Structure formats: C-alpha cells, structure tokens
Amino acid sequence: MARQERFRRAPRAALIGWQAVSLAAVVSAVCAAPLAIAGLAGEGSGWAAWATLPALLLSGLVLGRLLWSGHVVGTRLRTARREHRLLVDALGEVVDTDVRVLAHPTPTAYCLPGLRSRVVLTEGTLRALPEDELGAVLAHERAHLRERHDLVLEFFTVLHQSAPPRLQAPEALREVRLLVEVLADRAARRVAGPVPLARALVALAGATHPEPALAASADPGATRARMALLAEDEPAPWLAALVYAFSAAVLVAPLALLGLALGSMGA
Ligand SMILES: [Zn+2]
C-alpha cells in the first residue's frame with residue numbers, strides 16, 4: 001500500500017484503509033493460534049489437547065504486547081506534551097488563545113495536541129512569513145488539532161512498536177505520517193490557497209521541532225511529495241470509494257474466516 005502513491009490523492013480514505021489493514025492484522029494475530037487448535041480438535045486430532053495452552057499463551061502474549069505498547073507510548077507522549085506546553089506557556093508570548101510565539105530566530109511552526117492544545121511559532125516565523133502564508137500555517141496546524149491527527153498517529157505508533165521487529169513496517173508509519181500532513185495541507189489550501197501554503201512549506205522546510213509535536217515541516221522527501229500534491233485537484237469520488245470498499249473487504253475478511261471456522265466446528 002505504501003507504494004500506491006495514487007492513494008495519497010484521497011488521504012482521508014487512504015488513512016481509513018491503513019487502519020482497516022492494521023485492525024485486520026491484529027484480529028488475525030490474536031485469533032490465529034486458538035482457531036488452529038479448534039480446527040485440530042474438530043478433526044479429532046490428539047495434538048489439540050497438548051497445543052491448547054501454548055496457543056492461548058501466544059494470543060495472550062500478542063494482546064499483552066499491544067496493551068503494554070499502548071500504555072508506554074500514550075504515557076510518554078502525554079507527559080512530553082504536557083511538559084512542553086507548560087514550558088511554552090511560561091516562555092511564549094500569547095498572540096491568540098491557542099497560539100504562542102517563542103523568542104527564537106529560526107522559523108518553525110508546530111502544534112501540541114491534547115485537551116489544552118497549542119500552536120507554537122517563533123519570532124523567526126513571524127518575520128519570515130507574510131500574512132497570507134502565516135494564515136496557511138495556522139490553518140494547517142489547527143487542522144491537525146481539530147481532526148486529532150495525533151490520535152491516528154498514536155494508534156499506528158502503538159501497533160508499530162508492539163509488532164516483532166521482523167514484522168515492523170517503517171514505510172507504513174512514514175506513509176501514514178505523510179497522509180496526515182496531506183490532510184492538514186488540504187484544509188490549509190481551502191483556507192489560504194495553494195500558493196501561500198507552498199511558499200510557507202518552502203520557508204519552513206528543514207525546521208526542527210520537538211519530537212512529541214506535530215509540525216508543519218517534515219523530512220525533505222515528504223515536503224517534495226506534499227508540494228506535488230498541492231497542485232493536484234481533489235480526487236475523483238471513485239478513487240475514495242474504491243479505497244473505502246477495499247477497507248471494508250480487508251476488515252470483513254478475517255471476521256468472515258473466523259465465522260466460517262466457528263461454523264465448521266459447530267457442524
Ligand atoms: Zn503538519
């Protein structure tokens with residue numbers, strides 16, 4: 001899916017697709033071993049009794065890793081964001097209820113998601129960007145906050161970190177990060193137009209930001225991809241419909257197999 005760059009033109013549908021694939025993988029990973037044992041038992045195999053406990057342990061391990069990863073990632077992110085927000089509130093100048101400006105010459109812009117969310121700019125950003133480009137940046141950051149993109153990214157980070165190293169797919173995580181940026185870019189383009197947004201992206205390219213924040217700038221490859229997508233029209237509705245249909249099929253497949261397996265055991 002990460003190689004299918006055309007999905008980026010329908011970023012919301014593509015994100016749903018990624019979530020469907022991930023959920024289907026989790027359901028499969030948790031149910032696979034117990035179902036295999038149930039199948040053996042159904043065939044009257046003597047192995048079933050021996051393998052039941054290891055199978056349940058395996059499922060428990062998968063589930064346990066997921067929950068533990070969720071706890072660790074969630075706690076780390078929320079603590080880091082809270083501490084950073086306190087710092088920004090103490091040091092930054094209030095220019096709007098949710099916007100703080102730090103006295104620093106390097107242009108950068110990012111947001112701190114959460115219940116008391118903040119958009120953080122530097123004095124360098126205010127100096128470097130004219131009003132329309134600044135409007136584009138603010139619209140981009142506020143789209144992240146409004147649509148809670150942090151929760152989407154947290155979901156994928158948890159799955160990524162709970163997967164065994166051989167099954168981890170960093171390109172999937174990179175693609176999801178890019179899709180979230182494209183979504184915020186779409187929102188900003190509607191408010192400010194494509195040209196001011198593109199100029200602001202160039203001005204902020206390469207800017208650094210704290211790790212737990214969502215930033216307007218990203219790695220150069222992602223910025224190039226986003227610039228190219230800025231020039232694209234909204235996608236044809238059939239593309240999004242295709243991705244939604246794919247998502248539904250991917251989610252239904254393991255559940256249908258589960259139902260079939262249970263049904264055959266009952267028969
Ligand atoms: Zn962003």
Side-chain angles (χ1 to χ4, degrees), residues 1-18 99 101 104-113 119-150 152-153 156-157 169-240 242-243:
M1 259 181 88
R3 277 194 290 271
Q4 289 297 324
E5 292 186 3
R6 81 190 76 173
F7 287 163
R8 292 174 183 168
R9 293 187 58 205
R12 201 174 300 279
L15 267 180
I16 298 283
W18 278 105
V99 184
V101 175
H104 199 281
T106 309
T108 186
Y110 57 88
C111 63
L112 294 168
V119 175
V120 184
L121 309 170
T122 56
E123 284 178 357
T125 316
L126 298 187
R127 263 197 298 277
L129 301 187
E131 202 172 326
D132 56 344
E133 293 175 28
L134 205 57
V137 169
L138 284 175
H140 175 102
E141 297 304 336
R142 284 177 173 147
H144 278 320
L145 297 176
R146 190 177 57 243
E147 297 179 13
R148 291 307 307 258
H149 291 160
D150 57 303
V152 178
L153 291 179
F156 285 103
T157 308
E171 62 274 19
L173 203 56
R174 243 192 331 269
E175 184 68 16
V176 165
R177 286 203 183 108
L178 175 65
L179 287 172
V180 159
E181 293 308 321
V182 175
L183 263 182
D185 285 344
R186 289 274 157 105
R189 185 174 74 170
R190 281 193 288 275
V191 172
V195 176
L197 177 59
R199 288 206 177 113
L201 281 183
V202 172
L204 295 177
T208 55
H209 56 83
E211 193 244 339
L214 289 168
S217 60
D219 64 278
T223 306
R224 264 196 303 280
R226 285 165 60 191
M227 297 287 277
L229 284 164
L230 271 184
E232 299 253 12
D233 294 330
E234 297 282 331
W238 65 262
L239 181 65
L242 191 74
V243 182

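All figures in this text were calculated on a predicted structure; none of them were measured in a lab.
Of the inter-residue distances, the one linking Leu138 atom CG with Leu145 atom CG reads 10.5 Å to the nearest 0.5 angstrom. Note that CG of Leu204 and OG1 of Thr106 are 11.0 Å apart. Values are rounded to the nearest 0.5 Å. Of the inter-residue distances, the one linking Glu133 atom CD with Arg199 atom CZ reads 6.0 Å to the nearest 0.5 angstrom. Between Arg177 atom CZ and Arg174 atom CZ the span is 9.0 Å, to the nearest 0.5 Å. Atom-to-atom distance recorded for Leu15:CG and Phe7:CZ is 12.5 Å, nearest 0.5 angstrom.
Checking side-chain atoms of Thr125 against main-chain N and O of Thr108 turns up a donor-acceptor pair under 3.5 Å.
Qualifying side-chain contact (heavy atoms from CB on, under 4.5 Å) partners for Ala198, counting only residues two or more places apart in sequence or in other chains: Met227, Leu230. By the side-chain contact (heavy atoms from CB on, under 4.5 Å) test, Ala184 pairs with His140, Ala143, His144, His149, sequence neighbours left out. Partners of Ala172 by side-chain contact (heavy atoms from CB on, under 4.5 Å), not counting sequence neighbours, listed by chain and number: Trp18, Ala169. Looking at residues two or more places apart in sequence or on another chain, you find a side-chain contact (heavy atoms from CB on, under 4.5 Å) between Ala203 and Leu129. Listed by chain and number, the residues in a side-chain hydrogen bond (donor to acceptor under 3.5 Å, both in side chains) with Arg146 amount to none (sequence neighbours excluded).
Under the 4.5 Å side-chain criterion, counting only non-hydrogen atoms from C-beta, Asp185 is not in contact with Leu229. Looking at heavy atoms from C-beta onward, Arg190 lies out of side-chain contact with Leu197 at the 4.5 angstrom threshold.
Nearest heavy atom pair, residue Ala192 against residue Pro196, reads O-CG, 3.3 Å. For the pair Ala109 and Val137, the tightest heavy-atom approach, listed with the atom from each and the gap, is CB-CG1, 3.5 Å. The two residues Leu201 and Thr223 make their nearest non-hydrogen contact at O-CG2, 4.4 Å. When every heavy atom of Asp150 is checked against every heavy atom of Pro113, the shortest pair comes out as CG-CB, 3.3 Å. Ala136 approaches Ala188 most closely through the heavy-atom pair O-CB, 3.4 Å.
Listed by first and then second residue, the salt bridge (Lys or Arg N to Asp or Glu O under 4.0 Å) pairs that reach into residues 5-18 are Glu5-Arg8, Arg8-Glu175, Arg9-Glu232, Arg12-Glu147, sequence neighbours excluded.
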